[in-house]
Number of protein chains: 2
Amino acid sequence: MAKQSTPAGRARRAPDSGPAAEQRILAAIQEAIFDHRLGPGAKLKELALAELFHVSRGTVRAALARLGHTKLVELRLNRGAVVASPSADESRQIFEARCAIECALVAKLAAAASRSDLKALRDCVASEKASYARGDERTGLRLSIDFHCKLAELAGNAVLARILEELVARTPLIALTHGGRVPSTCGVDDHLALIEALARRDARRAGELMREHIGHLELQLNLQWPEPTRTLAEAFGPRAVAA
Amino acid sequence: MAKQSTPAGRARRAPDSGPAAEQRILAAIQEAIFDHRLGPGAKLKELALAELFHVSRGTVRAALARLGHTKLVELRLNRGAVVASPSADESRQIFEARCAIECALVAKLAAAASRSDLKALRDCVASEKASYARGDERTGLRLSIDFHCKLAELAGNAVLARILEELVARTPLIALTHGGRVPSTCGVDDHLALIEALARRDARRAGELMREHIGHLELQLNLQWPEPTRTLAEAFGPRAVAA
DNA sequence: GCTTCCTGTATTGTCAACATAATCACGGCA
DNA sequence: TGCCGTGATTATGTTGACAATACAGGAAGC
């Protein structure tokens, strides 16, 4: 017998609340950030989200708390949650962290990657390339990010994979916050070169390539640019006034 | 004027609830795990904790959720939270992750550590050594852990520091879960040697030493031992029955 | 004697209302 | 005209009660 204990209002086919729903909301917000439909500073009101996803505010709060822990959203006391705006400093640190982690991963993969591992990586890059070729930047970017996560997964270290995933998830925000254009091809060639090094079991070269690749990403995101002015005092500071 | 808006029952000198209290509970549980007063598998009942800390269940839930995110506690659906018991596999992955991160940190420090940085590290090891010398293993272990966190802090990368902190926090659980005795001197000599390498700006040697040091930790924790049997089926499996 | 089912209890998950704090709009004032 | 104080509104933080689920003990059946 199906459990129809819920009064009558809304039959719960898909669970309208609970940990499952929390996961659903979390994933939805994360995807929205990925797809640039939510930019840095966007306000995430509990009530609005609760109504939108047909869940209680408590569920939304739990999801926002988790997103806050991964630093994808900033939780301000008594002032709600907004999509995070990583500072330039923080962004550099994120790339530095990625470099450390991903270099270790490729070193491990260079030593232990199986034939099927390499094939999986090549497939990943292939569909990535195809997406860019047909102008679908959104999917391309997604697959490009997937490539990095795949590296972690294939390296057989779930702990590092999880950490890397959280770091990688913050990259789109860095791009948006600092005005860098999302690169049009996002390093497909870098990815291919890296795979070749892995195939040759050339750990040293693979590490170099990864370092360079992340360096490219960092440059493309224009981190060397000054941080966008956020306050009026900055925007109309001495320099602007003097002119 | 002091805000005495609370009715009358209990004047809130220390905040009895809210984000501050959440932090307090989180820290308390984390310390209890550090000090081995809470071992793997220990049940963390919401109501008990709420009464113990004079907060509402909601606050406890929030704290547990955060601890769950850092994997210090395991959250089981409808079955509450227990202190985590990292598997042998997971433990190895944690050490691998620490190795990757800490090697990157010492490489950076070897290049950029200032005189005061080195002094801070030496001071840290000195008090660590002193603690062990007077038989205070608890404080010694704490300071030993602090040393690793200090490395991250001095390296000037808050992102990596945070990640490392979470990884390091799980080490005591690994020791308890897999029955390894907590080492009596926990690598004070390793720490000193590492500092010397940093002082000589010898990045290569510092990396080697760090790798070795973490290797020592891993060995001391007896990860090569089989995992303790948890299920009856395992405990009384074919081998035991045959005898 | 052992297993199986059942019932009572304890614990967690969920929700809706209340209290508190911040934001916004309006009107007075220099 | 621009600024500041004030009040209304909105949003968040918190609490307590309710519902659903899992656990434990005991009774009945094999």
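Within every chain, numbering begins at 1; the chains are lettered A, B, ... in the order of the sequence lines, protein sequences first and strands thereafter. Here the structure is a predicted model, which is why all the values come from computation and not from measurement.
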>> According to salt bridge (charged side-chain N to carboxylate O under 4.0 Å, His left out), who are the partners of B/Asp146, at least two apart in sequence or on a separate chain?
In response: none

> Which pairs count as salt bridge (charged side-chain N to carboxylate O under 4.0 Å, His left out) when at least one residue sits in residues 50-68 of chain B, sequence neighbours excluded?
Replying inline: B/Glu22-B/Arg66, B/Glu46-B/Arg57, B/Glu46-B/Arg61

> Just how far, in rounded Å, is P of D/dT15 from NE2 of B/His54?
Replying inline: 14 Å

>> Looking at every heavy atom in both A/Ala81 and A/Leu75, which two are closest together, and how far apart are they?
In response: CB-CD2, 3.6 Å

> When you check the phosphate oxygens OP1 and OP2 of D/dT15, does a side-chain N or O of B/Ser56 lie under 4.0 Å from one of them?
Replying inline: yes

>> Let's go through B/Arg98 and B/Thr171 carefully: what are the C-alpha distance in whole Å and the side-chain angles of both, what is the deciding distance for side chain to side chain donor-acceptor pair (under 3.5 Å) to 0.1 Å, and is it a yes or a no?
In response: CA-CA 10 Å; B/Arg98 281 188 57 176; B/Thr171 305; 3.2 Å; yes

> Of the non-hydrogen atoms in B/Thr139 and B/Ser131, which two are nearest, and what is the gap between them?
Replying inline: CG2-OG, 3.6 Å

> Tell me, which of residues 65-73 of chain A have any heavy atom that sits under 4.0 Å from an atom in DNA chain D?
Replying inline: none

>> Please report the interatomic distance CG(B/Leu167) to SG(B/Cys99), rounded to the nearest 0.5 Å.
In response: 12.0 Å

>> Test: ring-ring contact (aromatic ring centres under 6.0 Å, His included). Region: residues 135-168 of chain B. Which pairs qualify, not counting sequence neighbours?
In response: B/Phe147-B/His191, B/His148-B/His191, B/His148-B/His213

Polar-atom pairs under 3.5 Å, protein N or O versus N or O of nucleotides 6-12 of chain C: list them with distances, or write none.
from, atom 1, to, atom 2, distance (Å)
C/dT11, OP1, B/Lys45, NZ, 3.0
C/dT12, OP1, B/Glu46, N, 3.4
C/dT12, OP2, B/Glu46, N, 3.3

>> Enumerate the salt bridge (charged side-chain N to carboxylate O under 4.0 Å, His left out) contacts for residues 151-165 of chain A, please, sequence neighbours excluded, ordered by first and then second residue.
In response: A/Arg162-A/Glu166

